[in-house]
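Reading through the structure tokens given below for one structure.
Please read these numbers as outputs of a predicted model, since none were measured by experiment. Hydrogens, waters and symmetry mates play no part in the numbers below; they use all other heavy atoms, side chains included.
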Amino acid sequence: MSIVVTGASGQLGRLTIEALLARGVPAADVVATGRDIARIKDFADRGVVVRRADFAEPDSLAAAFAGADKLLLISATAVDERVANHRRAIDAAVAAGVSLVAYTSMSHADTATTVLASTHRVTEEYLRERAVPSVMLRNSWYLENYTAQLPLVLRNGAVVGSAGQGRISAAARADYADAAAVVLTAEGHAGEVYELGGDEAFTLAELAAAISAATGKQITYTDLPADELAQVLTGAGLPAELAHVLVDADLGMSRGELFTASGDLRRLIRRPTTPLADAIADALR
């Protein structure tokens, strides 16, 4: 059985490969793919098959997916190119005759109204259109999206956003990676749609309070109108397009689009998800 993982040089891809190996999948049965194979050479050194795959180059996808039984399609990062890239990858998976495509989608992709969700919704629709056996891993936000910002938050004494009182079911990347490894190594997941998120949802005000508790420094949450948050993000050096996507995501959070009480993630990985307090403590070490 050959399991192909796209985006293996990325954080989620790397963690998923580690999770597959930890579950006893032989290294020779794992195929790590990426545009720059130099970035995943360390996997090759451990016996994992490494192949170049560029979503923009269909020939590279055909070669990378050759002989694959299952494919983890990790969503591409470039939002404006995502749908086209995903379609090429799905076409290559169909041509390779894979028995399952696991796709890292987004919470409530079928109903959410954000720009990000729309790209995932179209990808899910294309998987159904091509009639490839598939499982939707609808991931909520990463805890790391917030813990990576801790130095800036501590410097400014504030978390800023436009999420209002929206609750966010964020989980650690490692939790989502473990879930992906489960569906790739066990039967019975084709056709399933999993709404994945952490056990303990939180608001951004509660995030600020958790940072305060962990650091002993008073951190507040400042809820900004969307246009003001966009100005803050671009002022910090983010491109306007990315700032728009992030503000749009916050507005989605305010509508509950990144909240789930499904318990799917906990059930798949058969353990509690990583608590926010633990993620903050680890990031501060």
Side-chain angles (χ1 to χ4, degrees), residues 7-15 34-36 38-40 54-56 74-86 104 106-107 112-120 139-166 168 170-174 176 202-212 214-215 217-255 257-258 276 279-285:
S9 62
Q11 296 176 82
L12 181 60
R14 282 188 162 277
L15 287 168
R35 283 183 298 179
D36 182 0
R39 296 177 60 190
I40 49 178
D54 188 329
F55 285 156
I74 295 179
S75 56
T77 54
V79 176
D80 59 340
E81 302 172 7
R82 177 176 285 167
V83 171
N85 284 336
H86 290 174
T104 61
M106 184 176 181
S107 294
T113 58
T114 61
V115 171
L116 289 175
S118 67
T119 64
H120 291 293
N139 295 346
S140 183
W141 233 222
Y142 299 135
L143 286 174
E144 289 87 348
N145 290 351
Y146 297 115
T147 57
Q149 299 175 27
L150 282 174
L152 180 62
V153 168
L154 293 174
R155 186 160 60 248
N156 295 336
V159 172
V160 297
S162 295
Q165 292 301 306
I168 305 145
R173 279 194 183 91
Y176 294 124
F202 54 87
T203 65
L204 292 188
E206 290 168 341
L207 169 66
I211 297 172
S212 296
T215 63
K217 181 176 181 179
Q218 184 60 39
I219 305 296
T220 60
Y221 171 55
T222 303
D223 195 65
L224 298 174
D227 57 345
E228 291 186 23
L229 179 59
Q231 291 175 16
V232 169
L233 295 176
T234 55
L238 269 64
E241 182 178 348
L242 177 57
H244 169 72
V245 169
L246 294 177
V247 172
D248 184 57
D250 261 31
L251 295 176
M253 292 174 198
S254 73
R255 298 186 293 268
E257 294 178 2
L258 283 168
L276 173 62
I280 292 172
D282 287 344
L284 291 171
R285 289 194 179 99

* To do: Sort out for me which residue in L204, I211, I280, L276 forms a side chain to side chain contact (heavy atoms under 4.5 Å, CB included) with Y146.
  => L204
* Is the side chain of S140 donor-acceptor paired with the backbone N or O of L258 at a distance under 3.5 Å, no angle test? -> yes
* Taking all non-hydrogen atoms of both residues into account, name the closest pair between L229 and S162 and its distance. => CD2-OG, 3.3 Å
* **Sole candidate of L233, D250, T222 that passes side chain to side chain contact (heavy atoms under 4.5 Å, CB included) when paired with V160** => T222
* Output, in order, the C-alpha distance, side-chain angles, deciding distance and verdict of side-chain contact (heavy atoms from CB on, under 4.5 Å) for L15 and Y176. => CA-CA 9 Å; L15 287 168; Y176 294 124; over 6 Å; no
* Return yes if some donor-acceptor pair links the side-chain N/O of D54 with the main-chain N/O of A56 below 3.5 Å, else return no. => yes
* Asked: Rounded to the nearest 0.5 Å, what separation is found between the CD atom of E144 and the CG atom of D282?
  -> 9.5 Å
* Asked: Hey, is the main chain of A158 close enough, under 3.5 Å, to the side chain of T220 for a donor-acceptor pair?
  -> no
* **Option passing side chain to side chain contact (heavy atoms under 4.5 Å, CB included) with Y221 (candidates T203, L207, V153, V159)** => V159
* Asked: Counting only heavy atoms not in E228, do more than 12 fall under 6.0 Å of its CD?
  -> yes
* T234 side chain to A240 backbone, donor-acceptor under 3.5 Å -> no
* What distance separates Q149 CD from R155 CZ, expressed to the nearest 0.5 Å? -> 11.5 Å
* **CZ (R255) with more than 12 external heavy atoms under 6.0 Å** => yes
* Closest contact, heavy atoms only, D223 versus G164 -> OD1-N, 2.8 Å
* About how many Å separate OG of S212 and NZ of K217, when rounded to the nearest 0.5 Å? -> 9.5 Å
* **Check against side-chain contact (heavy atoms from CB on, under 4.5 Å), M253 and W141** => CA-CA 10 Å; M253 292 174 198; W141 233 222; 3.3 Å; yes
* To do: Give the minimum heavy-atom separation between G252 and T114, together with the two atoms involved.
  => CA-CG2, 3.7 Å
* Structure fact -> d(E257 CD, T113 OG1) to nearest 0.5 Å is 3.5 Å
* To do: Please assess D248 against L116 for the test side-chain contact (heavy atoms from CB on, under 4.5 Å), listing each intermediate value before the final yes or no.
  => CA-CA 8 Å; D248 184 57; L116 289 175; 6.0 Å; no
* To do: Carefully, step by step, assess N145 and R173 under the rule side-chain contact (heavy atoms from CB on, under 4.5 Å).
  => CA-CA 10 Å; N145 290 351; R173 279 194 183 91; 4.3 Å; yes
* To do: Would you name the heavy atoms of R82 and S75 that are closest together and state the gap between them?
  => NE-CB, 4.2 Å
* Indicate yes or no: at least one non-hydrogen side-chain atom of F202 is less than 4.5 angstrom from one of L143. => yes
* Under 3.5 Å: donor-acceptor pair, side chain of H244, backbone of A230 -> no
* To do: Write down the atom of S107, the atom of A112, and the distance for their closest heavy-atom approach.
  => O-CB, 4.0 Å
* Asked: Which value, rounded to the nearest 0.5 Å, describes the distance between E81 atom CD and H86 atom NE2?
  -> 11.0 Å
